[in-house]
Amino acid sequence: MEINNLSCEPKELHVLAVDDSNIDRKVIQKLLQISSFKVTVVESGSRALQYLGLDGEQESDQFNDLKVNLIITDYSMPGMTGFELLKKIKNSSTLKEVPVVIMSSENSLTRIDKCLEEGAEEYLLKPVKLSDVRRLKDSILKSGPMNMDQIRTQKRKHKPDQLQILQTALDCHDQNMSPPTSPQQSQTKRARL
C-alpha cells in the first residue's frame, strides 16, 4: 500500500488524494503541495477507506485523529470507483461533512449530475490545473463545515440555468445559429423561431 504522508505546517489543510494512476497521483500531489496542502495519497478506493477507518463493518474513531479537510478522488478506478467511494463517505456518520471532489477525464453531464447529486463538492476535468486546486482551497477556507450544505444548495440552484444554456447552445449549433448568453435570450430566440 502506497501511502505518502508529507509533513507540513500544522495549520495547513489536509487532503486525501485517491487515484489508481501513479502519474496522475504524482501530478495532483504536486499541485496540492504547491498550494500548501498537506497531502496523503493512496492508489485505490479500498485503500482510502482503510486510511479513513471505514474498511470494516463499523466506523473507526481513527478519523478523529486524521483531520482530513478534503478528499479528492479519480472517478474511474478498478475495484471501487470514485463514485462508490463518494457514496461510502457520504453515508458515514463521521465523514459525511468532509468535502469530496471527483476528478475525471470524461466530461459526461450525466456523470457530473450523478456525482453532484450524491454530494460531491466539485467535479474537475483532468488534467487538473493549479487554478482548480487553488479555487478548491479558497472554497474550503471560506466555508466551514456549517456552510457546506449552503454551497451545495446554491450550486444546485444554478445548475438548471447552466444546463438550459448548454441545451440551447446545442440546439443553436444544430440550427447554425449563434448561442445565447443567458436563459432569457434563449427564450427570446426560441420565440422568434
Side-chain angles (χ1 to χ4, degrees), residues 1-5 13-21 24-25 28-29 32 37-126 128 132-133 135-160 162-163:
M1 168 167 74
E2 175 190 339
I3 293 183
N4 199 359
N5 201 351
L13 298 171
H14 183 192
V15 179
L16 175 62
V18 187
D19 201 314
D20 61 309
S21 164
D24 287 342
R25 268 196 319 273
I28 194 67
Q29 180 179 10
L32 290 165
F37 281 103
K38 177 181 175 184
V39 185
T40 301
V41 294
V42 295
E43 72 278 3
S44 69
S46 59
R47 295 288 190 219
L49 291 178
Q50 285 176 351
Y51 181 78
L52 296 168
L54 294 177
D55 57 333
E57 294 278 325
Q58 294 183 322
E59 296 178 7
S60 166
D61 290 336
Q62 175 188 2
F63 175 71
N64 295 332
D65 299 331
L66 295 176
K67 189 61 180 135
V68 173
N69 302 97
L70 174 68
I71 298 166
I72 185 166
T73 181
D74 184 27
Y75 183 93
S76 298
M77 297 184 290
M80 178 184 296
T81 67
F83 181 71
E84 293 166 331
L85 177 61
L86 168 69
K87 286 179 18 177
K88 287 191 180 278
I89 291 167
K90 293 305 173 181
N91 288 328
S92 159
S93 61
T94 55
L95 296 172
K96 65 183 173 187
E97 296 302 319
V98 176
V100 178
V101 174
I102 304 288
M103 305 178 290
S104 179
S105 56
E106 296 179 39
N107 189 5
S108 160
L109 283 177
T110 306
R111 180 180 288 179
I112 294 168
D113 271 349
K114 188 168 79 167
C115 291
L116 293 175
E117 286 171 9
E118 192 62 40
E121 184 65 27
E122 188 82 40
Y123 187 100
L124 299 178
L125 288 175
K126 287 182 174 181
V128 176
D132 296 327
V133 173
R135 190 180 73 246
L136 287 175
K137 184 174 186 178
D138 291 342
S139 174
I140 293 169
L141 289 174
K142 286 179 185 173
S143 61
M146 302 305 269
N147 296 333
M148 286 304 186
D149 288 333
Q150 293 169 346
I151 290 170
R152 284 190 196 106
T153 302
Q154 273 188 318
K155 284 183 181 177
R156 288 191 181 120
K157 283 180 186 174
H158 297 294
K159 200 181 330 174
Q162 293 168 347
L163 291 176

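In this text, all values refer to a predicted model and were calculated from it rather than measured experimentally.
- Side-chain contact between V15 and I72 is present, with at least one heavy-atom pair separated by less than 4.5 Å.
- Note on ring orientation: taking the six-membered ring where Trp is involved, the planes of F83 and Y75 are tilted (angle from 30° to 60°).
- Not a single donor-acceptor pair under 3.5 Å links the side chain of K38 to the backbone N or O of L13.
- No donor-acceptor distance shorter than 3.5 angstrom exists from the side chain of K114 to the backbone of L109, with no hydrogens or angles considered.
- Side-chain contact between D24 and D74 is absent, with no heavy atoms from C-beta onward closer than 4.5 Å.
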Check step by step if side-chain contact (heavy atoms from CB on, under 4.5 Å) holds for V98 and L52.
CA-CA 11 Å; V98 176; L52 296 168; over 6 Å; no
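- Here the closest heavy-atom approach between residue V41 and residue V39 is recorded as CG1-CG1, 3.7 Å.
- Of the inter-residue distances, the one linking Q29 atom CD with D19 atom CG reads 11.5 Å to the nearest 0.5 angstrom.
- Here the shortest heavy-atom pairing between A120 and L116 reads O-CD2, 3.4 Å.
- Using a 4.5 Å cut-off on side-chain heavy atoms (C-beta onward), I102 and E118 make no contact.
- E121 CD to I140 CD1: the interatomic distance, rounded to the nearest 0.5 Å, is 8.0 Å.
- Scanning all heavy atoms of the two residues, the minimum distance from L32 to A17 falls at CD1-CB, 4.3 Å.
- One finds the CZ atom of R111 at 4.5 Å from the OG atom of S104 (value rounded to the nearest 0.5 Å).
- The closest side-chain heavy-atom distance from L124 to L136 is below 4.5 Å.
- Shown here for M77 and G82, the closest heavy-atom pair between the two residues is CE-N, 3.8 Å.
- No salt bridge links R135 with D138; every basic N to acidic carboxylate O contact stays at or beyond 4.0 Å.
- Between V18 and L85 the shortest side-chain heavy-atom distance falls below 4.5 Å.
- Looking at K67 and H14, their side chains never come closer than 4.5 Å, going by heavy atoms from C-beta outward.
- Between T73 and L16 the shortest side-chain heavy-atom distance does not fall below 4.5 Å.
- Atom OH of residue Y123 and atom CG of residue N107 lie 7.0 Å apart, to the nearest 0.5 angstrom.
- Annotation: the span from L49 atom CG to K88 atom NZ amounts to 6.5 Å, rounded to 0.5 Å.
- Between L86 and T81, every side-chain heavy-atom pair lies at or beyond the 4.5 Å cut-off.
- Minimum heavy-atom separation, R25 to V42: CD-O, 3.4 Å.
- Remark: C115 SG to K87 NZ distance equals 10.5 Å, nearest 0.5 Å.
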